[in-house]
Amino acid sequence: MLILKIKKRNFLKKKKIKELKNELGEYGKLLENKKSVEILEADPNSFILVNGEPYIIMIDDKPYPTLKAALANEIEQKTVVVDMGAIRFVSNGADIMSPGIVEADEDIEVGDIVFIVDETHRKPLAVGLSIITGPEMVESDSGKSIETKHFVGDKIWNFEL
């Protein structure tokens, strides 16, 4: 369970929602046509709540979609598939290494927000920031490919209001 020191909680203005959408890029559609978009300013991380659910987390002042948002909205773009041997490392928060990557979207660029999914069920296990391109992830047989920001079982995953 995540213990948050909540500073304030208020609804976002349309201008701020638009800024967030731009920062999120293709994940900005998580905020489209939503009745209730709030910011929950807290320590250590702030959240953007969509209809009361934590859909976006702010890490180092950069917005990242949460795994709960991915599961609720079936996000399929910018995914990286890891083999079954990598799952226990991913679910412990390890960065994603190239040898464990089975496939990756061709259009992944350096610095993109990506979802890491398992080979069998294709369910999101983690959210991270790509260090190399999608094709390089698959071709490389050594080194780090993705910096993990949020994973199944972490404090963000267990967050509840």
Side-chain angles (χ1 to χ4, degrees), residues 1-2 17-34 37 39-40 44-160:
M1 183 69 73
L2 177 61
I17 293 171
K18 189 175 180 180
E19 287 172 18
L20 267 172
K21 279 185 192 176
N22 289 338
E23 280 186 72
L24 285 165
E26 61 211 70
Y27 301 115
K29 66 182 174 197
L30 291 172
L31 300 175
E32 285 178 7
N33 306 320
K34 302 299 180 191
V37 180
I39 185 161
L40 183 71
N45 300 95
S46 293
F47 289 88
I48 303 299
L49 306 176
V50 176
N51 299 333
E53 292 293 321
Y55 270 23
I56 296 159
I57 181 160
M58 303 299 284
I59 301 173
D60 302 324
D61 293 324
K62 183 169 171 37
Y64 292 90
T66 64
L67 292 170
K68 288 185 180 185
L71 289 167
N73 294 280
E74 294 186 19
I75 294 173
E76 293 180 11
Q77 67 269 30
K78 306 256 184 186
T79 56
V80 175
V81 180
V82 294
D83 63 28
M84 299 312 279
I87 290 175
R88 80 181 159 104
F89 298 106
V90 174
S91 56
N92 282 323
D95 288 336
I96 313 305
M97 307 301 279
S98 293
I101 295 175
V102 178
E103 59 185 87
D105 286 352
E106 295 279 324
D107 60 343
I108 294 173
E109 297 293 327
V110 175
D112 282 351
I113 297 170
V114 296
F115 283 93
I116 296 90
V117 300
D118 70 276
E119 191 174 21
T120 307
H121 304 101
R122 303 275 173 161
K123 293 285 184 200
L125 299 170
V127 177
L129 210 54
S130 63
I131 297 171
I132 58 177
T133 67
E136 289 172 330
M137 288 178 193
V138 178
E139 291 166 16
S140 181
D141 56 4
S142 66
K144 193 187 305 186
S145 295
I146 301 165
E147 181 184 330
T148 301
K149 295 292 186 181
H150 162 44
F151 57 94
V152 170
D154 68 2
K155 291 177 179 173
I156 300 164
W157 172 257
N158 293 319
F159 170 77
E160 288 180 12

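Every heavy atom of this structure was used, including side-chain atoms; hydrogens, water molecules and symmetry mates were not.
Asn92 is linked by a side chain to side chain contact (heavy atoms under 4.5 Å, CB included) to nothing, counting only residues two or more places apart in sequence or in another chain. Shown here are the side chain to side chain contact (heavy atoms under 4.5 Å, CB included) partners of Val37, two or more places apart in sequence or in another chain: Leu12, Ile17, Leu31, Lys34, Ile48. Judged as a side-chain hydrogen bond (donor to acceptor under 3.5 Å, both in side chains), and not counting sequence neighbours, the contacts of Glu147 are Lys149.
The salt bridge (charged side-chain N to carboxylate O under 4.0 Å, His left out) pairs that include a residue from residues 108-117 are Lys78-Asp112, where partners are two or more places apart or lie in different chains. The ring-ring contact (aromatic ring centres under 6.0 Å, His included) analysis of residues 107-142, with sequence neighbours excluded, yields the pairs Tyr27-Phe115. Residue pairs satisfying the salt bridge (charged side-chain N to carboxylate O under 4.0 Å, His left out) criterion with at least one member in residues 55-73, sequence neighbours excluded, are absent. Applying the ring-ring contact (aromatic ring centres under 6.0 Å, His included) test to pairs two or more places apart or on separate chains, none has a residue in residues 53-94. Within the structure, side-chain hydrogen bond (donor to acceptor under 3.5 Å, both in side chains) pairs that include any residue of residues 93-106 comprise Asp95-Lys144, Ser98-Ser145, Glu103-Arg122 (at least two apart or interchain). Pairs of residues two or more places apart, or lying in two chains, that qualify as side-chain hydrogen bond (donor to acceptor under 3.5 Å, both in side chains) and include a residue from residues 128-139 are Thr133-Glu136.
The shortest heavy-atom contact between Pro65 and Ile113 is CD-CG2, 3.9 Å. Of all the heavy atoms in Pro99 and Gly143, the pair that sits closest is CD-O, 4.1 Å.
Residues Leu30 and Leu24 have side chains not in contact (no heavy-atom distance under 4.5 Å, counting atoms from C-beta outward).
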